[in-house]
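The structure appears right after this line, and notes come after that.
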Amino acid sequence: MQQVILTLVFVFSSLLISNAQESNTEKFGTVKVSVPNVLNNNGTVHFAVFTKENFRMQPLFSKVASIENGLSTATFDAVPIGEYAIICFHDENENNKLDFEINGMPKESYGTSNNPFNFGPPQFEDAKFIVGEDPLTLEIKF
């Protein structure tokens, strides 16, 4: 009887430890994003990944990619599963910022995930997407 109780305790403890390890293991995905219609090969394209909480502020992840034949691509590995949005822009003059006209209109091309057509600054709700365990491919058009 005592051996049965010890076996049950061992099995139950193993299950608890196994479940605790599974819940502490964060899962990740990969996001590959491309811009197929960059107007020219001058400069670079800056890509930034945001959550709702930090949208249009400090990105969680960012990359700068070259342009070849009007195409620029960036891949983000090990992105925790969740909800995100991407903003990217063509830094044609390579000053590491999106330049604006005096009236507030961008001088350089930009786009967001889901390619929404908005007047005014991008909105998270329009650009959001879900990162899961399967690789995700996005195309953003300027």
Side-chain angles (χ1 to χ4, degrees), residues 3-142:
Q3 189 176 14
V4 171
I5 293 173
L6 286 174
T7 302
L8 288 173
V9 168
F10 175 75
V11 169
F12 183 68
S13 298
S14 296
L15 287 173
L16 284 176
I17 291 169
S18 174
N19 286 340
Q21 287 174 342
E22 284 180 24
S23 65
N24 289 334
T25 303
E26 191 168 11
K27 296 185 179 184
F28 299 93
T30 299
V31 179
K32 180 179 179 181
V33 59
S34 63
V35 178
N37 64 336
V38 183
L39 295 177
N40 58 55
N41 293 332
N42 300 333
T44 56
V45 173
H46 290 242
F47 295 87
V49 178
F50 300 93
T51 61
K52 185 174 187 174
E53 293 74 31
N54 72 340
F55 190 63
R56 293 181 27 225
M57 292 184 284
Q58 185 67 33
L60 273 139
F61 308 102
S62 63
K63 291 202 175 192
V64 178
S66 61
I67 306 161
E68 191 172 317
N69 298 320
L71 174 67
S72 185
T73 303
T75 301
F76 296 93
D77 295 312
V79 178
I81 290 175
E83 193 173 67
Y84 300 93
I86 294 177
I87 299 174
C88 59
F89 72 94
H90 182 192
D91 186 14
E92 193 170 356
N93 60 4
E94 296 189 76
N95 66 350
N96 294 316
K97 64 180 184 176
L98 178 61
D99 297 317
F100 292 89
E101 301 285 354
I102 293 172
N103 67 2
M105 295 296 294
K107 287 183 179 180
E108 296 170 306
S109 300
Y110 75 95
T112 62
S113 41
N114 295 332
N115 300 301
F117 184 75
N118 290 336
F119 291 104
Q123 301 298 311
F124 181 82
E125 290 302 315
D126 296 329
K128 70 181 178 181
F129 60 90
I130 303 291
V131 172
E133 290 183 69
D134 294 330
L136 180 63
T137 301
L138 302 173
E139 185 176 270
I140 297 176
K141 294 187 178 175
F142 289 158

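Only heavy atoms go into these numbers, but all of them, side chains included; no hydrogens, no water, no symmetry mates. Note that the coordinates shown come from a computational prediction; the quantities given were computed from them, not determined experimentally.
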Note to self: Does anything in residues 66-85 form a salt bridge (charged side-chain N to carboxylate O under 4.0 Å, His left out)? List the pairs, not counting sequence neighbours.
What the structure shows: Glu83-Lys128

Note to self: How long is the straight-line distance from CD1 of Ile81 back to CD of Glu26, given to the nearest 0.5 Å?
What the structure shows: 8.5 Å

Check residues 29-37 and write down every donor-acceptor pair under 3.5 Å in which the side-chain atom is one partner and the other belongs to a residue at least two apart or another chain.
| from | atom 1 | to | atom 2 | distance (Å) |
| --- | --- | --- | --- | --- |
| Asn37 | OD1 | Phe142 | N | 3.1 |
| Asn37 | ND2 | Phe142 | O | 3.1 |

Next item on the list: Flag the pair Phe55 / Pro122 as yes when at least one side-chain heavy-atom distance between them is below 4.5 Å, and no otherwise.
Entry: yes

Notebook entry, point to check: When rounded to the nearest 0.5 angstrom, what distance separates CD1 in Ile86 from CD1 in Ile140?
Noted result: 5.0 Å

Return all side-chain donor-acceptor pairs below 3.5 angstrom for residues 101-111, not counting sequence neighbours, or 'none' if the list is empty.
| from | atom 1 | to | atom 2 | distance (Å) |
| --- | --- | --- | --- | --- |
| Asn103 | OD1 | Met105 | N | 3.0 |
| Glu108 | OE1 | Asp99 | N | 3.0 |
| Glu108 | OE2 | Glu92 | N | 3.0 |

Next item on the list: To the nearest 0.5 Å, tell me how far Asn96 CG sits from Phe89 CZ.
Entry: 7.0 Å

Check: Rounded to the nearest 0.5 Å, what separation is found between the CG atom of Asp91 and the CG atom of Asn42?
Finding: 11.0 Å

Checklist line | Stepwise side-chain contact (heavy atoms from CB on, under 4.5 Å) test for Phe47 and Ser72 | finding: CA-CA 10 Å; Phe47 295 87; Ser72 185; 3.7 Å; yes

Item checked: Pairwise side chain to side chain donor-acceptor pair (under 3.5 Å) hits with a residue in residues 47-66, at least two apart -> Thr51-Glu53, Thr51-Asn54, Lys52-Glu125

Note to self: If you compare all heavy atoms of Gly70 against all heavy atoms of Asn41, which two are closest, and at what distance to 0.1 Å?
What the structure shows: N-OD1, 3.0 Å

Notebook entry, point to check: Looking only at heavy atoms, what is the nearest atom pair of Val45 and Cys88, with distance?
Noted result: CG1-CB, 4.1 Å

Margin query: Nearest 0.5 angstrom please: Asn115 CG to Asp126 CG, how far?
Written below: 11.5 Å

Check: What are the two closest non-hydrogen atoms of Pro80 and Phe61, and how far apart are they?
Finding: CD-CZ, 3.9 Å

Next item on the list: Sort and list the pairs that fulfil salt bridge (charged side-chain N to carboxylate O under 4.0 Å, His left out) and have at least one residue in residues 37-49, not counting sequence neighbours.
Entry: none

Next item on the list: Mind jotting down which residue pairs meet the salt bridge (charged side-chain N to carboxylate O under 4.0 Å, His left out) criterion with at least one end in residues 129-142? Sequence neighbours excluded, please.
Entry: Lys27-Glu133, Glu139-Lys141

Notebook entry, point to check: What distance separates Leu136 CG from Ile130 CD1, expressed to the nearest 0.5 Å?
Noted result: 10.0 Å

Next item on the list: Measure across Ala85 and Ser113 and return the closest heavy-atom pair with its distance rounded to 0.1 Å.
Entry: CA-OG, 3.6 Å

